[in-house]
Amino acid sequence: MKRIAVLTSGGDAPGMNAAVRAVVRKGIYEGLEVFGVKYGFRGLVNGDIKELKLGDVGDYIQRGGTFLHSARYPEFASEEGQLKAIEQLEKFGIEALVVIGGDGSYHGAEALTKRGFNAIGLPGTIDNDISGTDFTIGFDTACNTALDAIDRIRDTASSHDRTFIIEVMGRNCGDIALYAGIAGGADVIVVPEEEFNIEKIVEQLNVRRARGKAHSIIVLAEGVMSGPAFAAELDKHGDFDSRASVLGHIQRGGNPTVADRVLASRLGGRAVELLLEGKGGLAVGIVANQIVENDITDVLKNKSQIDHRLFELSKELSI
Ligand code: F6P
């Protein structure tokens, strides 16, 4: 094999640049020519492809976002789009592809492999909602960004005796809420995977107030409901002077943490090794600090699970 390509797709995540850099540098180290595809699968279909040299990925390891740009491109589910993409790849003499993104991007990589073109997926999303890996690229940075916001909001919550609902990202996955919530000492964490009862939450807040703690921090995953809707719900049940703070896309940006840069580098390096072994249709991940690879179809079939024990611990610690 002589030529491979790499693309980033779906929502950007801090550490995607570090992953692209790893694919490019490891590829060149192994004697390959590495091409970058801009704007994910949309750019692939349109032939927005160019060779990346060592210097093209210099000074990017520390940057959030993705210098290759990204796009959400549901049209890639069509046969027409996939055949066009393979035609473009063949035109450039590219023989295999690394796809960095979330589950939508994995579907694209799976489709290409099924059509005989080797593609490997790397988990790049802040949501941490990919099975077969303990962590996704960008998750740690997003949690640290959310944590910084929680710490700051706590100052105001305690100064004014208020209840704050901090809405964090995570469409169907409560991992950002769980990890940032535990690290931020949240009093209540609400995630889509675990049932919640507003009366019980009110009771818990009242018990804390009776004990003399007049402010509370609730970390809520966006997949449950919006922060303002949750605050309104809470205020129907008592006078909490609650305020909602929606963190939004601030969680997607910023310099990746050490954990994300190292994870991205390890995953990117392994993806190139697998492609050199002639393998495709795999998703690379990290489990118990070991780099692993799984069949991408299995990864797509299995829903990632919240760490139920960690969730229980969060409740035990916030009595
Ligand atoms: O998948 C990452 C994510 O940031 C989710 O947490 C969020 O629900 C979604 O993307 C937002 O997507 P967009 O940036 O396309 O509005």
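All ligand and atom numbering here is 1-based and tracks the order in the structure.
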- request: Identify, chain by chain and in numerical order, each protein residue with a heavy atom under 4.0 Å from an atom of ligand 1.
  value: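 Protein residues near ligand 1 are R72, T125, I126, D127, M169, G170, R171, E222, H249, R252.
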
- prompt: Any chance the rings of F76 and F41 have centres within less than 6.0 Å?
  reply: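 Ring centroids of F76 and F41 are less than 6.0 Å from each other.
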
- prompt: How are the rings of F230 and F196 set to each other: parallel, tilted or perpendicular (split at 30° and 60°)?
  reply: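 The rings of F230 and F196 sit tilted, inter-plane angle from 30° to 60°.
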
query: Do K315 and E312 meet the salt-bridge criterion of a basic N to acidic O distance under 4.0 Å?
result: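 Yes, this pair counts.
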
message: According to salt bridge (charged side-chain N to carboxylate O under 4.0 Å, His left out), who are the partners of E110, at least two apart in sequence or on a separate chain?
response: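 Residues passing salt bridge (charged side-chain N to carboxylate O under 4.0 Å, His left out) with E110: K114.
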
field: Set of residues satisfying salt bridge (charged side-chain N to carboxylate O under 4.0 Å, His left out) with respect to K26, sequence neighbours excluded
entry: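 In terms of salt bridge (charged side-chain N to carboxylate O under 4.0 Å, His left out), with neighbours along the sequence ignored, K26 is linked to E30, E273.
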
query: Is I319 isolated, or which residues cluster with it under the ILVMFWY side-chain rule of less than 4.5 Å, directly or via members?
result: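 ILVMFWY cluster around I319 holds nothing else.
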
